[in-house]
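Structure first, commentary second.
Protein chains get the first letters and strands the later ones, always in sequence-line order, with residue 1 at the start of each. Bear in mind that the values here come from a model prediction, so they are computed numbers and not experimental data.
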Number of protein chains: 2
Amino acid sequence: MSDLLERLRGRGWRMTAQRRVVAEVLDGDGAAHVHLTADEVHARAAGRLPEISRATVYNTLGELVSLGEVIEVATDGRAKRYDPNAHQPHQHLVCSRCGVIRDVHPAGDPLAALPATERFGFTVSDVEVTYRGLCPDCATAA
Amino acid sequence: MSDLLERLRGRGWRMTAQRRVVAEVLDGDGAAHVHLTADEVHARAAGRLPEISRATVYNTLGELVSLGEVIEVATDGRAKRYDPNAHQPHQHLVCSRCGVIRDVHPAGDPLAALPATERFGFTVSDVEVTYRGLCPDCATAA
DNA sequence: TCCTACAATAGACATTGTCTAAGTCAAGAA
DNA sequence: TTCTTGACTTAGACAATGTCTATTGTAGGA
């Protein structure tokens, strides 16, 4: 199965049916493309394991985020979305109309764009870049 | 008073006590620096106009966003924050510990970083850049 | 001053996320 | 294999944020 499960097992993660299902949902089903919300992860997980609770999904997603296996994305102030593609630095292209997210991989380090004089004493460790616009479908519809 | 109120009046915005107070809260009190949440705007507005309702604050903020006078910022998936500095392009420096936001103004157009081959047919109109790290206070505390 | 359409209000409702107490189970020990 | 224990899961209450509706109020023009 997935590298993800192997890595987690190797880190002493206690393997339960619930955690396995959540990890599998994030790992498969094209989840890497759509960046599911917690609720969507729960719905898909419940398809395989009907008695799984919302709290467990939230807990597990939170752990995956702490472990650095998944990135939390807040693109719209509504539900957070979970991006399993955490090991490859990338940015997001978001459609302002339908909300679809597409990963992009521009060259260069975006952190370099912020000179020290503009950091005001902050220890900057991460940059999040989100491009907003219309996806091809929404652009033709409009 | 503010340019903001003048612009709104000029656009046919019906001027009520509630709208005036919300606009003034966003315009003063150092609100431009802290980027208030809707709830904080309501609290400050209620300081001047105790009977103002939450719904009115939400409505007014929503209108200001539609009018392009205020930008909605979703930095953490919790409450949205409202940035009145909409007419000057800028980016945000966010402390991952205490949540404080600081505006920064790097040179250059961040949109230029995304080549056409990485746009996948999207009509990109806007870029949001958020630098995350620790503010000086939180860095020394940690 | 009076009208009317737009705005504000209270409060119910919806969505997303967190917490708690109690029961369950994975995985190492014997 | 069976036992033990602490980590994991569960249901459901709770919290935070945001939206909607029906009713009442009022800005601004006639």
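- For B:Q18, no side-chain nitrogen or oxygen approaches OP1 or OP2 of D:dT26 to under 4.0 Å.
- Counting non-hydrogen atoms under 4.0 angstrom, B:T16 reaches the backbone sugars and phosphates but no base.
- In this entry the distance linking CD1 of B:I52 with C1' of D:dG25 reads 14 Å, nearest Å.
- Between B:N59 and A:K80, it is B:N59 whose nearest contact on DNA chain C lies nearer the 5' terminus.
- Between the C1' atom of D:dT10 and the NE2 atom of A:H42 lies a distance of 11 Å, rounded to the nearest Å.
- Interatomic distance, A:E118 CD to B:R102 CZ, rounded to the nearest 0.5 Å: 8.5 Å.
- Between B:R54 and the phosphate of C:dG11, there is no side-chain N or O to OP1/OP2 separation shorter than 4.0 Å.
- If you check D:dG28, D:dA11, C:dT15 against the side chain of B:R14, the one that comes closest is D:dG28.
- At least one side-chain nitrogen or oxygen of A:Y58 sits closer than 4.0 Å to the OP1 or OP2 atom of C:dG17.
- For the pair B:R9 CZ and D:dG28 C1', the interatomic distance rounds to 13 Å; values are reported in whole Å.
- If you measure from atom CG of B:L49 to atom P of D:dT26, you get 11 Å, rounded to the nearest angstrom.
- Among the atoms of the strands shown, only primed sugar atoms or phosphate atoms (P, OP1, OP2) are found under 4.0 Å from some heavy atom of A:A79.
- One can place CZ of A:R78 at 10 Å from P of C:dG17, the figure rounded to the nearest angstrom.
- Toward the 5′ end of DNA chain D lies the nearest nucleotide of B:R81, the other residue of the pair B:R81 and B:M15 mapping further downstream.
- If you measure from atom CZ of B:R19 to atom C1' of D:dA27, you get 11 Å, rounded to the nearest angstrom.
- Shortest non-hydrogen contact noted between B:H35 and B:E40 is O-OE1, 4.5 Å.
- Closest heavy-atom contact between B:L26 and B:P84: O-CG, 3.4 Å.
- Remark: P of C:dA7 and CG of B:L8 are 12 Å apart, rounded to the nearest angstrom.
- Distances shorter than 4.0 Å separate none of the side-chain N or O atoms of B:S53 from OP1 or OP2 on C:dA8.
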ask   = How far apart are the C-alpha atoms of B:E69 and B:R11, what are their side-chain angles, what is the distance that settles it, and do they pass the salt bridge (Lys or Arg N to Asp or Glu O under 4.0 Å) test?
value = CA-CA 12 Å; B:E69 294 291 344; B:R11 295 217 232 164; 3.0 Å; yes

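- Here the P atom of nucleotide D:dA16 and the CD atom of B:E40 are 14 Å apart, to the nearest Å.
- Here the CG atom belonging to A:D27 is positioned 13.0 Å from the CZ atom belonging to A:R20, to the nearest 0.5 angstrom.
- The 5' end of DNA chain D is approached more closely, in terms of each residue's nearest nucleotide, by B:T37 than by the other of B:T37 and B:W13.
- Residue B:E51 is the one, among A:D39 and B:E51, whose nearest nucleotide of DNA chain C lies closer to the 5' end (criterion: closest heavy atom).
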